[in-house]
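Below is one structure, written out as structure tokens; the observations come after it.
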Amino acid sequence: MIVPLPTDILKLPIADIPELSKKFRACCQVCGFHTLRDVCDLGADEASKIRYLGPGHFRELVDFLQQRRLLHALKD
């Protein structure tokens, strides 16, 4: 049996992650983000400035990553 690594969730389509709010998933779709890796690769500074994400959705991203001990994936 293959046990998925915690970082594998970064590669999943955002639309397939039910723990994220519908609004967050919709905003990511509008912005053209397909995976959390797409958002994380921007870095915290750039991601926090994206108009459609806004501070509430950025906080949701940070909380989601922090709960899974993946906050390090969000580049500085």
Let me check something: do Tyr52 and Val62 share a hydrophobic cluster, defined by ILVMFWY side-chain heavy atoms less than 4.5 Å apart, either directly or through other members? no
Looking at residues at least two apart in the chain, or sitting in another chain, which of them share a salt bridge (Lys or Arg N to Asp or Glu O under 4.0 Å) with Asp63? Arg59
With sequence neighbours excluded, tell me which residues meet salt bridge (Lys or Arg N to Asp or Glu O under 4.0 Å) with Asp45. Lys49
Provide the closest heavy-atom pair for Ala47 versus Leu53 in the form atom of the first, atom of the second, distance. O-CD1, 3.8 Å
Would you mind writing out the side-chain donor-acceptor pairs for residues 27-34 within the sub-3.5 Å range, not counting sequence neighbours?
none

Only counting residues at least two apart or in another chain, list the ones meeting side-chain contact (heavy atoms from CB on, under 4.5 Å) with Ala44. Phe58, Leu74
Value rounded to 0.5 Å, distance of NZ in Lys11 from CD1 in Ile9: 12.5 Å
Cut-off 3.5 Å, no hydrogens considered: what does the side-chain donor-acceptor table look like for residues 18-25, sequence neighbours left out?
residue, atom, partner, partner atom, Å
Ser21, OG, Phe24, N, 3.0
Ser21, OG, Glu60, OE1, 2.9
Ser21, OG, Glu60, OE2, 3.2
Arg25, NE, Leu20, O, 3.1
Arg25, NE, Ser21, O, 3.4
Arg25, NH2, Leu20, O, 3.4

If we only count heavy atoms from C-beta on, is the Val39 to Ile50 side-chain gap below 4.5 Å? no
Nearest 0.5 Å, what's the CG-CD distance between Leu61 and Gln66? 11.0 Å
How would you list, by chain and number, every residue that makes a side-chain hydrogen bond (donor to acceptor under 3.5 Å, both in side chains) with Thr35, sequence neighbours excluded? Asp38
Any heavy-atom pair between the side chains of Leu70 and His72 that's under 4.5 Å? yes
